[in-house]
**Q** 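Below is the structure I would like to discuss, written out as structure tokens.
Just so it is clear, the structure is predicted and the values come from calculations on it, not from any experiment.
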Amino acid sequence: MPGHGKKASLKATLQSQQSRLKAKQKAVHAAQVAEQRGKHRKSQSSSKSHPPPTVPFSPTDTILLIGEGNFSFARALLVDPPAGLEHLPPAAVTATSYDSEEDCYAKYPDAKEIVETVRSRGAQVLFNVDATRLHKCPALKGRKWDRIVWNFPHAGKSITDQDRNILSNQQLILDFLRSAPHYLAQGPTPLVHRKRRRKSRGDDDDDDEIVMDNMSDSDAEPSIRPTPAIAGRGTILITLRNVPPYTAWDVPRLAKNPPKSSRAGDTPDPRYKLLRSFVFRRSLWKGYEHRMTKGERAHGQGTTGVGGEDRTWEFCLQD
């Protein structure tokens, strides 16, 4: 069957990417250990402050939030945002959930109150919005946004086999990246002032995923300020824990070089340019609480994602 062949080919391609990624990660890890030791020694002899956190929005942006869970990020953005976003018009924000309104409130006991707050501020709240099939949502038809944001996406299929779980989430990300282009504002490629760390052994020559915070130490200021990509075409922001198994999803590479379809006549997948990546600091977003796809779990003792940091990757469509 053609559909089965296509899925098998995609699975083989993703598995091949996983194997190469694992080999690369071993080499990179060794280099990172050495680099961290050097940084530790340097930090002990230097009192230089860290650059301020990155706020990837400006007050003039239109923002589409995907997979909002209990909508606490939308609330943080509207009610008590970081400095510089106080004048973001609530009408510029559209917050969406994959769940129906009834299911959302059943999963997340605090969601109803939060949604009422978000709506009272003047933002739009939508339910039953599938990130992989945005065209199926009539309320989004014909609209475009400067920023499309998905914090901590997850397929939520509870697959115990790690390789199959990774494939499931890679497919989720690919389907989202296919669905999103029609809803991104058009314009020139955005400009981002960024610094790069020195490439280490095992890094591919075109590995943009090493792009770090967009401000260098010399640019640091004591106050937080919005640091959006300079006006241009719309961008996609995806945030994940920067530790296994999430690093195995290899989101930057999926965006830049999606697997090719084996079926003649298929529309090529969109390709994205990685503009930057930066640490996502939850403390910036007052009242924000990450919620699992399955909702509240009584006595949950999961350890997935422990350690590391939250990191956001920002992409725009390639020319």
Side-chain angles (χ1 to χ4, degrees), residues 32 49-58 61 63-85 88 93 95-96 114 131 145-154 169 172-173 176-177 180 190 192-197 208-217 219-221 223-229 234-252 254-255 272 274-293 302 304-316:
Q32 287 175 337
S49 63
H50 293 290
T54 297
V55 180
F57 309 117
S58 76
D61 284 342
I63 303 170
L64 175 63
L65 303 178
I66 299 294
E68 263 296 270
N70 69 346
F71 290 88
S72 60
F73 185 79
R75 179 182 61 186
L77 182 61
L78 295 166
V79 175
D80 196 2
L85 292 182
L88 174 71
V93 177
T96 72
I114 295 174
W145 283 269
D146 299 307
R147 308 284 173 257
I148 298 180
V149 182
W150 198 354
N151 293 325
F152 306 101
H154 199 282
N169 283 288
L172 175 73
I173 298 298
F176 165 60
L177 293 174
V192 174
H193 300 295
R194 65 193 185 187
K195 77 168 186 175
R196 294 175 181 267
R197 68 166 170 81
D208 287 336
E209 52 263 50
I210 64 172
V211 176
M212 302 301 282
D213 287 301
N214 65 311
M215 298 175 64
S216 65
D217 289 343
D219 295 324
E221 295 181 0
S223 61
I224 299 170
R225 64 180 184 181
T227 50
T235 65
I236 288 175
L237 297 103
I238 298 175
T239 299
L240 289 168
R241 291 293 290 171
N242 198 28
V243 293
Y246 308 108
T247 49
W249 299 7
D250 207 6
V251 169
L254 290 179
Y272 292 83
L274 178 61
L275 296 172
R276 59 180 171 179
S277 77
F278 51 89
V279 176
F280 176 89
R281 302 194 187 279
R282 301 189 195 199
S283 59
L284 274 182
W285 308 100
K286 296 178 182 178
Y288 172 58
E289 299 170 322
H290 170 48
R291 287 289 183 261
M292 300 181 73
T293 307
T304 302
V306 170
E309 64 188 10
D310 298 329
R311 180 160 287 270
T312 299
W313 286 265
E314 185 170 13
F315 306 95
C316 73

**Q** On a heavy-atom basis, which atom in Ser58 and which in Leu85 lie closest, and how many Å separate them?
**A**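 Closest approach of Ser58 to Leu85, heavy atoms only: C-CD2, 3.7 Å.
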**Q** Do Leu78 and Phe71 pass the side chain to side chain contact (heavy atoms under 4.5 Å, CB included) test, and can you show the C-alpha distance, the side-chain angles, and the key distance before you say yes or no?
**A** CA-CA 11 Å; Leu78 295 166; Phe71 290 88; over 6 Å; no
**Q** Walk me through whether Ser72 and Glu289 qualify under side-chain hydrogen bond (donor to acceptor under 3.5 Å, both in side chains).
**A** CA-CA 6 Å; Ser72 60; Glu289 299 170 322; 5.2 Å; no
**Q** Give, for atom CZ of Phe315 and atom CG of Leu254, the distance between the pair rounded to the nearest 0.5 Å.
**A**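 Taking CZ in Phe315 and CG in Leu254, the distance rounds to 8.5 Å.
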**Q** Nearest 0.5 Å, please: how far is CG in Asp80 from CG in Leu284?
**A**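 CG of Asp80 is found 11.0 Å from CG of Leu284.
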**Q** Relative to each other, are the rings of Tyr288 and Phe152 parallel, tilted or perpendicular (30° and 60° limits)?
**A**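 Rings of Tyr288 and Phe152: parallel, as their planes differ by under 30°.
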**Q** Counting N and O atoms only, with roles assigned by atom type, does the side chain of Thr312 sit under 3.5 Å from a partner on the main chain of Phe280, one being a donor and the other an acceptor?
**A**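 Judged by distance alone, no pair lies under 3.5 Å.
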**Q** For the side chain of Tyr272 and the backbone of Ile236, is there at least one donor-acceptor N/O pair under 3.5 Å apart?
**A**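 Side chain of Tyr272 to backbone of Ile236: no pair is present.
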**Q** Please answer whether the main-chain N or O of Gly287 pairs with a side-chain N or O of Arg75 as donor and acceptor at a distance below 3.5 Å.
**A**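 Between the backbone of Gly287 and the side chain of Arg75 there is a qualifying donor-acceptor contact (under 3.5 Å).
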**Q** So Tyr246 and Arg311, do their side chains get closer than 4.5 Å, heavy atoms only?
**A**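 No. Closest side-chain heavy atoms not under 4.5 Å.
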**Q** Distance check, rounded to the nearest 0.5 Å: Ile114 atom CD1 versus Phe73 atom CZ?
**A**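 So the CD1 of Ile114 and the CZ of Phe73 are separated by 13.5 Å.
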**Q** Testing the basics here: between Pro190 and Thr235, what is the closest heavy-atom pair and its distance to 0.1 Å?
**A**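 Looking at all heavy atoms of both residues, the closest pair is CG-CG2, 3.9 Å.
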**Q** Check whether any side-chain heavy atom of Ile148 lies under 4.5 Å from a side-chain heavy atom of Phe176, and answer yes or no.
**A**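 Yes, close enough: below the 4.5 Å cut-off.
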**Q** Hey, mind stepping through Val279 and Thr54 against side chain to side chain contact (heavy atoms under 4.5 Å, CB included) and telling me if it holds?
**A** CA-CA 7 Å; Val279 176; Thr54 297; over 6 Å; no
**Q** Does a side-chain heavy-atom distance below 4.5 Å link Pro81 with Leu88?
**A**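 Result no, sub-4.5 Å side-chain heavy-atom pair not found.
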**Q** With rounding to the nearest 0.5 angstrom, report the CG to SG distance, Leu237 to Cys316.
**A**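 So the gap between those two atoms works out to 11.0 Å.
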**Q** If I compare all heavy atoms of Trp285 with all of Arg281, which pair ends up nearest, and what's the gap?
**A**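 Answer, listing the atom of Trp285 first, then Arg281: CD1-O, 3.5 Å.
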**Q** Going through the distances and angles, do Leu172 and Trp150 end up as a side chain to side chain contact (heavy atoms under 4.5 Å, CB included)?
**A** CA-CA 12 Å; Leu172 175 73; Trp150 198 354; 3.9 Å; yes
**Q** Output the distance between atom CG (Asn151) and atom CG (Leu65), rounded to the nearest 0.5 Å.
**A**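 Output value for this atom pair is 7.5 Å.
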**Q** Can you tell me how far the CD atom of Glu68 sits from the OG1 atom of Thr96, to the nearest 0.5 Å?
**A**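 Spacing of CD (Glu68) from OG1 (Thr96) equals 7.0 Å.
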**Q** Can you see which heavy atom on Arg276 is nearest to which on Glu314, and at what distance?
**A**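 Heavy atoms of Arg276 and Glu314 come nearest at NE-OE1, 2.6 Å.
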**Q** Does Asp61 reach the main-chain N or O of Ile63 with its side chain, forming a donor-acceptor pair under 3.5 Å?
**A**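 Such a contact is absent between Asp61 side chain and Ile63 backbone.
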